[in-house]
Peer 1: 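First the structure, then my questions, so here it is.
Quick note: numbers below take in every heavy atom, side chains included, and nothing from hydrogens, waters or symmetry partners. Position 1 is the first residue of the sequence; numbering continues from there.
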Amino acid sequence: MSYLTLSITLIFVIIPLLLSKTLRLDLEKDTIIATIRSIIQLLMVGYILKFVFDSENILYILLMVTLMIAAATQNTRKKGKAIKGITWKIAVTLLFVEVLTQSILLGFQIVPPTAQYIISISGMVIGNSMVLSILFLNRFTAEIETHRDETELILSLGGTPKQAIHRQLINAIKASMIPTIESQKTMGLVQLPGMMSGQIIAGADPIQAVQFQLLIIFLLLTTAAVTSVLLGFLSYPSLFNQRMQLLKVRF
């Protein structure tokens, strides 16, 4: 694809701009900013990845993964800023998920230990983990606010913080995992996943593309489960003081 051809695809940006203007949605500014940022960021990443892939230096690979985790942590922390120490809790969660998945992939030699595979898969894992963290924190904080009286009642009757928060925690974990599970149920029927479509467009054998897509599907399922559970169990103790009382925080 040439840059001229790429510029023609801006038609897909003009259409929502016109609709926003016509219907007075007031989304024109955000749409333009999002478009400009995506162009600049993706082009920069493209040139950086080309350099990293050509060098095959482990230090560059680790640096790229570290930057991904840092950016994802910074973006996610805003959703749980009322939870004490949420920044390091999110960072630990993302790092653990990354180490776990890469250890399995490389340890069992499922994929080659090259920058092309490590960085690409890490991007999908960390990005998905970030979205799951946001979904979890949104639901968890909402559950706490909705059931605050119930939580305090259990504590007043001698229940532990874990017992008092158990229902809200489980509901938040389930809610954050449901989109991943439901999307996998219709995979291949309602949608052709991005990785599979990209490989087919690039000329790969469809069966080979399906095999790689199944790898990603299974990988993201583990990512969803581990992210929600780990972040949940790291977060809930921060909602209580040393006397096992629920903190009066505004989410």
Peer 1: Could you check whether any side-chain heavy atom of I39 comes within less than 4.5 Å of a side-chain heavy atom of L43, counting everything from C-beta outward?
Peer 2: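 In contact.
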
Peer 1: Does any part of the side chain of Y236, heavy atoms only, come nearer than 4.5 Å to the side chain of K162, both counted from C-beta?
Peer 2: yes

Peer 1: Can you name the closest pair of heavy atoms from L246 and L155 and give their distance?
Peer 2: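 Heavy atoms only, the tightest pair is N-CD1, 3.8 Å.
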
Peer 1: Could you check whether any side-chain N or O of T9 sits under 3.5 Å from a backbone N or O of L6, counting only pairs where one atom can act as donor and the other as acceptor?
Peer 2: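 Looks like yes, one N/O pair under 3.5 Å.
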
Peer 1: Would you say CZ of F96 has more than 12 non-hydrogen atoms from neighbouring residues, nucleotides or ligands within 6.0 angstrom?
Peer 2: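 No, CZ of F96 has 12 or fewer neighbouring heavy atoms, counting only those of other groups under 6.0 Å.
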
Peer 1: Checking side-chain polar atoms at under 3.5 Å, does S228 have a donor or acceptor matched by the opposite partner on S176?
Peer 2: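 The answer is yes; a qualifying pair exists.
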
Peer 1: Do any N or O atoms from the side chain of S55 and from the backbone of V52 form a donor-acceptor pair under 3.5 angstrom?
Peer 2: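 Yes.
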
Peer 1: May I ask you to check whether F51 and Y60 place their ring centres under 6.0 Å from each other?
Peer 2: yes

Peer 1: Is a donor on one side and an acceptor on the other found under 3.5 Å between the side chain of S235 and the backbone of L231?
Peer 2: yes

Peer 1: Would you call the rings of F136 and F140 parallel, tilted or perpendicular if under 30° counts as parallel and over 60° as perpendicular?
Peer 2: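 It falls in the parallel class, under 30°.
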
Peer 1: May I ask you to check whether over 12 heavy atoms, not counting those of H166, lie within 6.0 Å of atom NE2?
Peer 2: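 Counting other residues, nucleotides and ligands, NE2 of H166 stays at 12 neighbours or fewer.
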
Peer 1: Decide if atom CD of Q109 counts as having more than 12 heavy atoms of other residues, nucleotides or ligands within a radius under 6.0 Å.
Peer 2: no

Peer 1: Is there a chain of hydrophobic side chains (I, L, V, M, F, W, Y, each step under 4.5 Å between heavy atoms) that links L132 to L234?
Peer 2: no

Peer 1: Do I216 and F212 make a side-chain contact, defined as non-hydrogen atoms from C-beta onward lying under 4.5 Å apart?
Peer 2: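 Result no, sub-4.5 Å side-chain heavy-atom pair not found.
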
Peer 1: Rounded to the nearest 0.5 Å, what's the gap from CZ on R167 to NE2 on H147? Could you check?
Peer 2: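 Reported value, rounded in 0.5 Å steps: 4.5 Å.
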
Peer 1: Does I118 form a side-chain contact (heavy atoms from CB on, under 4.5 Å) with L105? I'd like the steps, not just the answer.
Peer 2: CA-CA 9 Å; I118 294 175; L105 290 173; over 6 Å; no

Peer 1: State whether a side-chain donor-acceptor pair under 3.5 Å links S129 with T223.
Peer 2: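 On atom types as modelled, these side chains do not qualify, holding no pair under 3.5 Å.
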
Peer 1: Would the distance check show the side chain of S120 and the main-chain N or O of Y117 forming a donor-acceptor pair, the cut-off being under 3.5 Å?
Peer 2: no

Peer 1: What pair of heavy atoms forms the shortest contact from I154 to A164, and how long is it?
Peer 2: CG2-CA, 3.8 Å

Peer 1: Establish whether I119 and I126 are linked, either directly or via other cluster members, by ILVMFWY side-chain heavy-atom contacts under 4.5 Å.
Peer 2: yes

Peer 1: Do I86 and T76 have side chains that get closer than 4.5 Å, going by heavy atoms?
Peer 2: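 Sidechains of T76 and I86: no contact.
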
Peer 1: Suppose we screen for side-chain contact (heavy atoms from CB on, under 4.5 Å). Which residues come up paired with V45, at least two apart in sequence or across chains?
Peer 2: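 side-chain contact (heavy atoms from CB on, under 4.5 Å) check on V45 returns L49.
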
Peer 1: Does any N or O in the side chain of Q184 come within less than 3.5 Å of the main-chain N or O of I181, such that one atom is a donor and the other an acceptor?
Peer 2: no

Peer 1: If we only count heavy atoms from C-beta on, is the I121 to T101 side-chain gap below 4.5 Å?
Peer 2: no

Peer 1: Measure the shortest side-chain to side-chain distance between L215 and V111 over non-hydrogen atoms and say whether it is less than 4.5 angstrom.
Peer 2: yes

Peer 1: Can you see which heavy atom on K79 is nearest to which on I134, and at what distance?
Peer 2: CG-CG2, 3.8 Å

Peer 1: Just verifying a value: how many Å separate I32 CD1 and R37 CZ, rounded to the nearest 0.5 Å?
Peer 2: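 If we round to the nearest 0.5 Å, I32:CD1 and R37:CZ are 14.5 Å apart.
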
Peer 1: Would K89 and S238 count as having a side-chain donor-acceptor pair, cut-off 3.5 Å?
Peer 2: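 Per modelled atom types, K89 and S238 side chains form a pair under 3.5 Å.
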
Peer 1: If you count heavy atoms of other groups shown closer than 6.0 angstrom to CG of D26, is the number above 12?
Peer 2: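 Check fails, neighbour count at 12 or below.
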
Peer 1: What distance do Q213 atom CD and L219 atom CG have between them, rounded to the nearest 0.5 Å?
Peer 2: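 Rounded to the nearest 0.5 Å, the CD-CG separation comes to 11.0 Å.
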
Peer 1: Answer yes or no: is there a donor N or O on one side and an acceptor on the other, between the side chain of S156 and the main chain of L153, under 3.5 Å?
Peer 2: yes

Peer 1: A side-chain contact here means heavy atoms from C-beta on lying under 4.5 Å apart; do Q168 and I165 qualify?
Peer 2: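 Result yes, sub-4.5 Å side-chain heavy-atom pair found.
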
Peer 1: Given L94 and T227, is the side-chain contact (heavy atoms from CB on, under 4.5 Å) satisfied, shown in steps?
Peer 2: CA-CA 7 Å; L94 297 178; T227 297; 5.5 Å; no

Peer 1: Which atom names give the shortest non-hydrogen contact between R148 and L247, and what distance separates them?
Peer 2: NH1-O, 3.2 Å

Peer 1: Nearest 0.5 Å, please: how far is CG in L169 from CZ in F233?
Peer 2: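 Those atoms lie 5.0 Å apart.
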
Peer 1: So if you build clusters from Ile, Leu, Val, Met, Phe, Trp, Tyr with side-chain heavy-atom gaps below 4.5 Å, do L67 and I48 land together?
Peer 2: no

Peer 1: Can you hop from L95 to I61 via hydrophobic side chains spaced under 4.5 Å?
Peer 2: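 L95 clusters together with I61.
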
Peer 1: Between A172 and R139, which heavy-atom pair has the shortest distance, and what is it?
Peer 2: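 What the structure gives for the nearest pair is CA-CG, 3.6 Å.
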
Peer 1: Starting from the C-alpha separation in whole Å, work towards a yes-or-no answer on side-chain contact (heavy atoms from CB on, under 4.5 Å) for L239 and I144.
Peer 2: CA-CA 9 Å; L239 299 172; I144 294 169; 3.1 Å; yes

Peer 1: Roughly how far, to the nearest 0.5 Å, is CD1 of I90 from CD1 of I83?
Peer 2: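 So the CD1 of I83 and the CD1 of I90 are separated by 8.0 Å.
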
Peer 1: Drop me the distance from T22's OG1 to L17's CG, to the nearest 0.5 angstrom.
Peer 2: 10.5 Å

Peer 1: Same cluster for V226 and V131 if Ile/Leu/Val/Met/Phe/Trp/Tyr side chains link at under 4.5 Å?
Peer 2: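 Cluster IDs for V226 and V131 differ.
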
Peer 1: Identify the two heavy atoms, one from N171 and one from E143, that lie closest to each other, and give their separation to 0.1 Å.
Peer 2: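 Of all heavy-atom pairs spanning N171 and E143, the closest is ND2-OE1, 3.5 Å.
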
